[in-house]
There are 2 protein chains.
Amino acid sequence: MQNRVLLVEDDDELRQLLSRYLATQGFSVREAANGRDGLSLALGQDCDIVVLDIMLPDINGLDVLRELRGKTHLPVILLTARGDETDRIVGFEVGADDYIPKPCNPRELVARLQALLRRIAWDQQADVDASRVYGDLRVEPDQRRIYQHGKPLELTATEYEVLQVLLAHAGSVVRKTDLMQWALGRRLEAYDRTLDMHISNLRKKLGNDDPPRIETVRGLGYSYRVPTQ
Amino acid sequence: MQNRVLLVEDDDELRQLLSRYLATQGFSVREAANGRDGLSLALGQDCDIVVLDIMLPDINGLDVLRELRGKTHLPVILLTARGDETDRIVGFEVGADDYIPKPCNPRELVARLQALLRRIAWDQQADVDASRVYGDLRVEPDQRRIYQHGKPLELTATEYEVLQVLLAHAGSVVRKTDLMQWALGRRLEAYDRTLDMHISNLRKKLGNDDPPRIETVRGLGYSYRVPTQ
DNA sequence: GGCTTGTGTAAAGGTTGGGTAAAGAGAAAA
DNA sequence: TTTTCTCTTTACCCAACCTTTACACAAGCC
């Protein structure tokens, strides 16, 4: 399936150059030489992505984009003469997805077009099952839950974070300083027993097996024992 | 409550600089100073987006990305010292969403982060058009009504939006920031209790079941309970 | 054995996040 | 204009839960 690009650019030479190159890269290209045409083509619903020059003879590219964003979330890549920074920031604020300074390398344009189209395809793909399984535990990040034998564990936010970090490193030791940083988001200070408490509570909720699932490595940290398989 | 950025960068000074700036811009930041930590944090920790330096002491950033792409479509922005063109193209081919050459302007980084997150939000909202059924609830987007047992609920415009977003993500946790953005169309500011009020009113109108249909996930957001299966 | 250091955990303390009533503010309708 | 409807803000309260404290034990070292 060919992706349809709308190219809005007033410089005939550049437009044709890009158009031809895009065609060789498997895109089907529509062209507009000014803002008005560009806008109506973009709203005409038969393109997948827009490459939009900012400097246009009639309507400013940013205004075209503003108009467009009132009606659609069509992906838009802005093109502009080597830009001053604030220009860029404004472009993004108005709703651009990407921004390439001219003179642009056609290969880079294509790479960015494809990256953006790929992102959209990924996003619209039905929820890729992101769940991860460790023995009898299953982590469901979307639900922010961890299931044991199919039943949800009643974990607090912090407990979830801690267990989830341990599981992500299942089988290897996670140092206390790292666990603190990654799960609690702060540094481990002397005499801080917070982490120990969370571990203790987690062990309780996981059922106090012997040997314990969460193994203590004295002087270092903790390690989730991978269930024998 | 904010968007969570994972910053993988070995240069301590730069990392801290960016980290601090991102924090001021309303992101919650996780850091990693090498590829291995970055990878396990990206896979384990749930973060929303990754900023990944290519030059890292242990694993090359591109290899980190490759590894990541084998498992997830987590959005990734590459950072790199050289603006070498082929480098860029390779970065995109491996699956990067964006690419910023160092030294990068923090404001541009933020603009690109936000553009990418916004794109994802748009895409995921995209399939919210057809009429849908969730247990005894039926959403009719064209009428902007939601029916319970065939009878229309008397919802205000905002309540409709909120419930509709929750239903579109039924079963998963919708963070308050996202719910605010998607349903109310603005950012969640500190001490803003508007959303809580709408939730409270919705619960009343849906009938205060036990367990509640709209579940609170403390510190995060809300989740519409999927009809038991 | 003593001594030191690290860990387990119960219980108390304190902070924060969320529920919701009620008042306020805006906008639309009458 | 007044009325009405809806959204937002304020205020108070409670429950969740993170952190601290305190004490006990276990491991390693001499």
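Just so we're on the same page: letters track the sequence lines, and every chain starts at 1. Computed from a predicted model, the values in this text were never measured in an experiment.
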Tell me whether the OP1 or OP2 atom of C:dT7 has a side-chain N or O from A:Lys176 closer than 4.0 Å. yes
Can you see if the side chain of B:Thr158 gets near the phosphate of D:dC7 - specifically, an N or O under 4.0 Å from OP1 or OP2? yes
Go through the structure and list residues passing side-chain hydrogen bond (donor to acceptor under 3.5 Å, both in side chains) with B:Asp53, not counting sequence neighbours. B:Lys102
Restricting to side-chain hydrogen bond (donor to acceptor under 3.5 Å, both in side chains), what partner residues turn up for A:Asp178, sequence neighbours left out? A:Arg175
Nucleotide [N], atom [atom2] - distance to [atom1] of [X] in whole Å:
{"X": "B:Asn201", "N": "C:dA21", "atom1": "CG", "atom2": "C1'", "value": "11 Å"}
{"X": "B:His198", "N": "D:dT6", "atom1": "NE2", "atom2": "C1'", "value": "8 Å"}
{"X": "A:Leu155", "N": "D:dC18", "atom1": "CG", "atom2": "C1'", "value": "15 Å"}
{"X": "B:Leu179", "N": "D:dC7", "atom1": "CG", "atom2": "P", "value": "14 Å"}
{"X": "B:Tyr160", "N": "D:dC5", "atom1": "OH", "atom2": "P", "value": "23 Å"}
{"X": "B:Lys204", "N": "C:dG19", "atom1": "NZ", "atom2": "C1'", "value": "10 Å"}
{"X": "B:Lys205", "N": "C:dT20", "atom1": "NZ", "atom2": "P", "value": "14 Å"}
{"X": "A:Asp196", "N": "D:dC18", "atom1": "CG", "atom2": "C1'", "value": "14 Å"}

Residues that [X] engages under salt bridge (charged side-chain N to carboxylate O under 4.0 Å, His left out), provided they are two or more places apart:
{"X": "B:Arg36", "answer": "B:Asp58"}
{"X": "B:Arg203", "answer": "none"}
{"X": "B:Arg145", "answer": "none"}
{"X": "A:Arg144", "answer": "A:Glu161, B:Asp46"}

Contacts of B:His198 that satisfy ring pair (Phe, Tyr, Trp, His ring centres under 6.0 Å) - sequence neighbours left out: none
Residues pairing under ring-ring contact (aromatic ring centres under 6.0 Å, His included) where one sits in residues 138-167 of chain A, two or more places apart or in two chains, turn out to be none
Check every atom of D:dC7, C:dG8, C:dG18 against the side chain of B:Ala157 and return the nucleotide holding the closest atom. D:dC7
Indicate yes or no: does B:Arg15 engage B:Glu13 in a salt bridge with an N to O separation below 4.0 Å. no
Cationic N near anionic O, under 4.0 Å, A:Asp196 to A:Lys176: yes
Compare all side-chain heavy atoms of B:Val133 with those of B:Val139 and state whether any distance is below 4.5 angstrom. no
Between protein and nucleic acid, restricted to nucleotides 13-16 of chain C and to nitrogen or oxygen atoms under 3.5 Å apart, what atom pairs and distances do you find?
from: C:dT16; atom 1: O2; to: B:Arg218; atom 2: NH2; distance (Å): 2.8

Counting any heavy atom closer than 4.0 Å, what does A:Leu184 reach on the DNA or RNA strands: base, sugar-phosphate only, or nothing? sugar-phosphate
Please round to 10 degrees the angle between the axis of the first five pairs and the axis of the last five pairs in the helix from C:dG1-D:dC30 to C:dA30-D:dT1. 20°
Tabulate protein N/O versus nucleotide N/O from nucleotides 10-12 of chain D, keeping only pairs under 3.5 Å, one per line.
from: D:dA11; atom 1: N6; to: B:Arg193; atom 2: NH1; distance (Å): 3.4

Which donor-acceptor pairs under 3.5 Å do the side chains of residues 16-27 of chain B make with protein atoms, sequence neighbours left out?
from: B:Ser19; atom 1: OG; to: B:Glu31; atom 2: OE2; distance (Å): 2.8
from: B:Thr24; atom 1: OG1; to: B:Tyr21; atom 2: O; distance (Å): 2.6

On DNA chain D, more 5' by nearest nucleotide between A:Thr156 and B:Arg186 is B:Arg186
Specify the residue among B:Ile199 and A:Gly219 whose closest nucleotide of DNA chain C lies further upstream toward the 5′ end. A:Gly219
